[in-house]
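Everything quoted here is computed from the prediction, not taken from an experiment.
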Amino acid sequence: MLVRVLFAAAGLMFVGLGVLGILLPGLPATPFLLLAGYCFARSFPRLHEWFVTHPWFGPYIKGARSGWRIPRRQAMQTIAVLWISMGVTAWLVDRWWVRVLLLVIAAGVSIFLERRSRVPRTETI
């Protein structure tokens, strides 16, 4: 029972990070929401069912499961905004390791988005 509660707590934490990712440019929402779904699936089935049918979170989970793709133009616009915001933030930060971390995150998200824009479209769930 303790493990289930810990998974549920971790899932709620990942949902919080996912919501921040939805609202803040540069912070990816999908990985956090996928982790939340994983945690909820391991904790309480009813909580998992609520999560995957939720109007905000469900499309992220369903899209990732179905091999969703991002339209090329949208991916390139997102990458441009990402690099501008991360670049400005890195320029304003005094610590070198934070700058490196921001740039590594931006590179990882850029690679992910670019690859998702090349995936063939599949049927949605």
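The closest side-chain heavy-atom distance from W83 to L103 is below 4.5 Å. Taking 4.5 Å as the limit, every side-chain heavy atom of L34 sits out of range of all side-chain heavy atoms of F14. Under the 4.5 Å side-chain criterion, counting only non-hydrogen atoms from C-beta, F40 is not in contact with V52. Looking at V19 and F32, their side chains never come closer than 4.5 Å, going by heavy atoms from C-beta outward.
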Going through the distances and angles, do W50 and H54 end up as a side chain to side chain contact (heavy atoms under 4.5 Å, CB included)?
CA-CA 6 Å; W50 166 81; H54 191 275; 3.4 Å; yes

Does the side chain to side chain contact (heavy atoms under 4.5 Å, CB included) test come out yes or no for S110 and L82, once each step is laid out?
CA-CA 8 Å; S110 297; L82 168 72; 3.5 Å; yes

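The CE atom of M86 lies 7.0 Å from the OG1 atom of T89; values are rounded to the nearest 0.5 Å. The distance from atom CD of Q77 to atom CG of L113, rounded to the nearest 0.5 Å, is 12.0 Å. Atom CZ of F44 and atom SG of C39 lie 12.0 Å apart (nearest 0.5 Å). Here the CG atom belonging to L92 is positioned 9.0 Å from the CZ atom belonging to R99, to the nearest 0.5 angstrom.
By the criterion of side-chain heavy atoms lying less than 4.5 angstrom apart, applied directly or through intervening Ile, Leu, Val, Met, Phe, Trp or Tyr residues, V88 is not grouped with V93; the two fall into different hydrophobic clusters. L23 and V81 fall into different hydrophobic clusters, defined by Ile, Leu, Val, Met, Phe, Trp and Tyr side-chain heavy atoms under 4.5 Å apart, directly or through other members. Transitive grouping of hydrophobic side chains (ILVMFWY, heavy atoms separated by less than 4.5 Å) keeps I84 and M76 in distinct clusters. L102 is connected to W96 through a chain of hydrophobic side-chain contacts under 4.5 Å among Ile, Leu, Val, Met, Phe, Trp and Tyr, so both are in one cluster.
Every residue two or more places apart in sequence or in another chain that forms a side chain to side chain contact (heavy atoms under 4.5 Å, CB included) with I111 is listed here: R115.
Applying the under-4.5 Å side-chain rule to Ile, Leu, Val, Met, Phe, Trp and Tyr, the cluster around Y38 extends to V3, F7. Cluster partners of L2, using a side-chain heavy-atom cutoff of under 4.5 Å among ILVMFWY residues and allowing indirect links, are L6.
A distance-only check finds no donor-acceptor pair linking the side chain of R4 to the backbone of R42 [under 3.5 Å].
The shortest non-hydrogen separation linking G11 to A36 is O-CB, 3.4 Å.
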